[in-house]
S.K.: 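My structure is below; once you've seen it, I'll send some questions.
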Amino acid sequence: MSQLDLEQLREKVDAVNLQILSLINERATVIQEIGKIKEKQGVNRYDPLRERHMLNLLKDHNSGPLDQKTVDHIFKEIFKSALDMQEEDQRKALLVSRKKKSEDTIITINGERIGEGTPSFIFGPCAVESQEQVTKVAEAIGGKGLRLIRGGAYKPRTSPYDFQGLGLEGLKMLKAAAEQYNLAVVSEIVTPSHLEDALPYLDVVQVGARNMQNFELLKAVGQINKPVLLKRGMAATIDEFINAAEYIIASGNDQIILCERGIRTYEKATRNTLDISAVPILKQETHLPVFVDVTHSTGRRDLLLPAAKAAIAIGADGVMAEVHPDPAVALSDAAQQMNLQQFDEYYDSLMKFMKQYELKM
Ligand code: PEP
Ligand code: MN
């Protein structure tokens with residue numbers, strides 16, 4: 001074979017490659033059209049029967065020299081690439097995504113505008129334990145001119161024998177304390193069946209890490225007209241977290257605050273591993289405000305301040321931390337709650353840090 005023949009054959013291969021490229025892109029465009037129709041019809045994009053039919057058709061027409069296994073393999077990859085492309089389109093179309101809505105969602109609670117560029121704070125005890133306890137914390141929070149208080153009344157505990165929270169009575173105590181100091185109440189609900197009774201005492205409904213994929217709860221809080229603070233599951237990917245928020249918005253409620261609270265890794269030095277990079281990723285991918293819970297992520301009192309600084313510096317819309325008048329005797333999370341004096345110092349240090357680096361306050 002002469003050099004000329006080889007050159008000609010190579011040119012032919014190049015031309016065939018370009019034809020294949022043009023054809024697989026034409027195919028992808030048709031598949032996109034089909035995807036749109038299927039979306040309207042609400043049917044699943046992947047159809048195994050249809051795929052089997054296409055492979056059989058190719059088999060009937062394959063006259064070689066490629067063997068059928070190779071043809072199947074090549075076409076399965078082509079089929080898969082079209083499905084992957086549609087999944088990407090679908091992801092872009094999520095209601096919580098920046099692609100769908102480019103402006104930041106701002107949630108106004110009790111005069112506090114969350115997500116507008118200045119950090120907000122949610123402080124309060126892990127659990128509501130008594131009227132006196134929550135009133136003391138509310139006084140400390142109100143004294144700083146802050147607008148939100150947290151406190152768990154329905155506590156999702158690892159052991160069924162641990163303190164489970166005071167339930168509705170606890171919420172009533174928290175609400176009473178909050179009203180005295182003009183604070184809005186943030187508290188967790190663990191089942192849709194508690195929602196109706198609890199709602200009058202709540203300003204923000206928290207969905208905890210253990211319930212991030214409790215889809216019935218997500219749908220239920222999607223139907224209320226109060227903001228929802230959705231915490232990341234301890235073993236949830238960012239994608240799963242975003243999809244959990246999508247459940248809420250898809251049910252009609254777009255007032256969602258995302259809260260990074262650490263994920264479980266092999267690291268034992270902290271209670272969970274604070275995934276700080278999740279904050280800018282969530283800010284880029286979604287239009288929702290993003291909080292960082294420094295208490296449950298670190299599980300260490302000595303890390304509450306550096307973790308909060310990191311959260312604010314990286315662009316979080318707010319910080320959550322636990323405060324208790326006497327953490328040593330707290331019925332839950334005794335090791336990491338701040339007492340009132342530590343809380344004062346903590347808040348002062350954080351304000352100084354923000355001033356020092358000219359961060360918006
Ligand atoms: C809480 O905030 O009270 C709590 C239980 O946190 P998490 O769901 O993140 O564990
Ligand atoms: Mn706690």
Side-chain angles (χ1 to χ4, degrees), residues 120-129 133-134 137 141 148-160 162-167 170-171 174 184-191 194 198 202-214 217-218 221 227-236 238 240-241 244-245 248 256-265 270-276 278-279 282 290-301 303-304 307-308 311 316 318-339 342-343:
S120 301
F121 297 96
I122 302 175
F123 295 117
C126 181
V128 178
E129 295 168 7
Q133 173 232 19
V134 281
V137 180
I141 295 170
L148 299 141
I149 186 169
R150 61 150 286 145
Y154 300 93
K155 294 301 296 176
R157 303 303 301 281
T158 301
S159 164
D162 284 340
F163 176 57
Q164 301 286 306
L166 298 179
L171 274 188
L174 187 59
V185 169
V186 183
S187 195
E188 177 167 356
I189 287 296
V190 292
T191 162
H194 289 154
L202 293 171
D203 299 293
V204 178
V205 179
Q206 180 170 318
V207 173
R210 288 154 195 80
N211 273 314
M212 190 207 80
Q213 284 191 319
N214 180 340
L217 182 59
L218 297 176
V221 297
V228 176
L229 183 125
L230 176 65
K231 299 188 96 177
R232 178 177 181 181
M234 60 185 86
I238 291 177
E240 287 163 341
F241 190 18
I248 300 173
I256 306 162
I257 302 164
L258 300 174
C259 183
E260 163 61 39
R261 47 78 73 206
I263 49 175
R264 191 167 275 187
T265 69
T270 48
R271 177 168 163 177
N272 289 288
T273 298
L274 173 56
D275 181 9
I276 199 77
V279 175
L282 292 167
V290 180
F291 261 64
V292 172
D293 172 347
V294 292
T295 301
H296 295 98
S297 52
T298 67
R300 284 175 50 162
R301 212 175 275 129
L303 298 184
L304 298 178
V319 170
M320 174 186 271
E322 288 181 350
V323 179
H324 189 288
D326 191 358
V329 296
L331 295 176
S332 53
D333 284 351
Q336 60 242 8
Q337 303 197 58
M338 289 178 270
N339 67 29
Q342 287 161 340
F343 175 42

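Remember, it's 1-based here, ligands and their atoms both numbered in the order they're listed.
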S.K.: Among Arg150, Glu188, Arg157, which one has a heavy atom closest to atom 3 (O) of ligand 1?
M.R.: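 Among Arg150, Glu188, Arg157, the closest heavy atom to atom 3 (O) of ligand 1 comes from Arg150.
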
S.K.: Closest N/O/S atom of Asp333 to the Mn ion (ligand 2), by atom name?
M.R.: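 This turns out to be OD2.
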
S.K.: As an exercise, identify every atom of ligand 1 less than 4.0 angstrom from a heavy atom of Gly208.
M.R.: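 So the answer, numbered in order with elements, is 8 (O).
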
S.K.: For N/O/S atoms only: which one belongs to Glu322 and is nearest the Mn ion (ligand 2)?
M.R.: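 This residue's closest N, O or S atom turns out to be OE2.
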
S.K.: Output yes when Lys231 and Glu188 qualify as a salt bridge under the 4.0 Å nitrogen-oxygen rule, no when they do not.
M.R.: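 Salt bridge: no.
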
S.K.: Would you indicate which of Arg261, Lys155, Lys231 comes nearest to atom 6 (O) of ligand 1 when only heavy atoms are counted?
M.R.: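 Ranked by closest heavy atom to atom 6 (O) of ligand 1, first place is Lys231.
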
S.K.: Is any side-chain N of the basic residue among Asp162 and Lys155 closer than 4.0 Å to the acidic one's carboxylate O?
M.R.: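 Lys155 and Asp162: not salt-bridged.
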
S.K.: Could an N or O of ligand 1 be found under 3.5 Å from any N or O of Ala209, whether backbone or side chain?
M.R.: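 Yes, at least one N or O pair falls under 3.5 Å.
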
S.K.: Are His296 and Asp333 linked by a side-chain donor-acceptor pair shorter than 3.5 Å?
M.R.: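 There is such a pair (donor and acceptor under 3.5 Å, judged by atom type) between the side chains of His296 and Asp333.
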
S.K.: If you compare all heavy atoms of Leu217 against all heavy atoms of Thr191, which two are closest, and at what distance to 0.1 Å?
M.R.: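 Smallest interatomic distance, heavy atoms only, reads CD1-C, 3.8 Å.
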
S.K.: Kindly say whether Ala209 contributes a backbone atom to a donor-acceptor pair with the side chain of Arg261 at under 3.5 angstrom?
M.R.: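 The answer is no, because no donor-acceptor pair under 3.5 Å joins these two groups.
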
S.K.: Among the heavy atoms of Gln206, does any lie under 4.0 Å from an atom of ligand 1?
M.R.: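 It does, in that a heavy atom of Gln206 comes within the 4.0 Å cut-off of ligand 1.
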
S.K.: Quick check for you: to the nearest 0.5 Å, what is the distance between Cys259 atom SG and Asp293 atom CG?
M.R.: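 Here the interatomic distance stands at 5.0 Å.
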
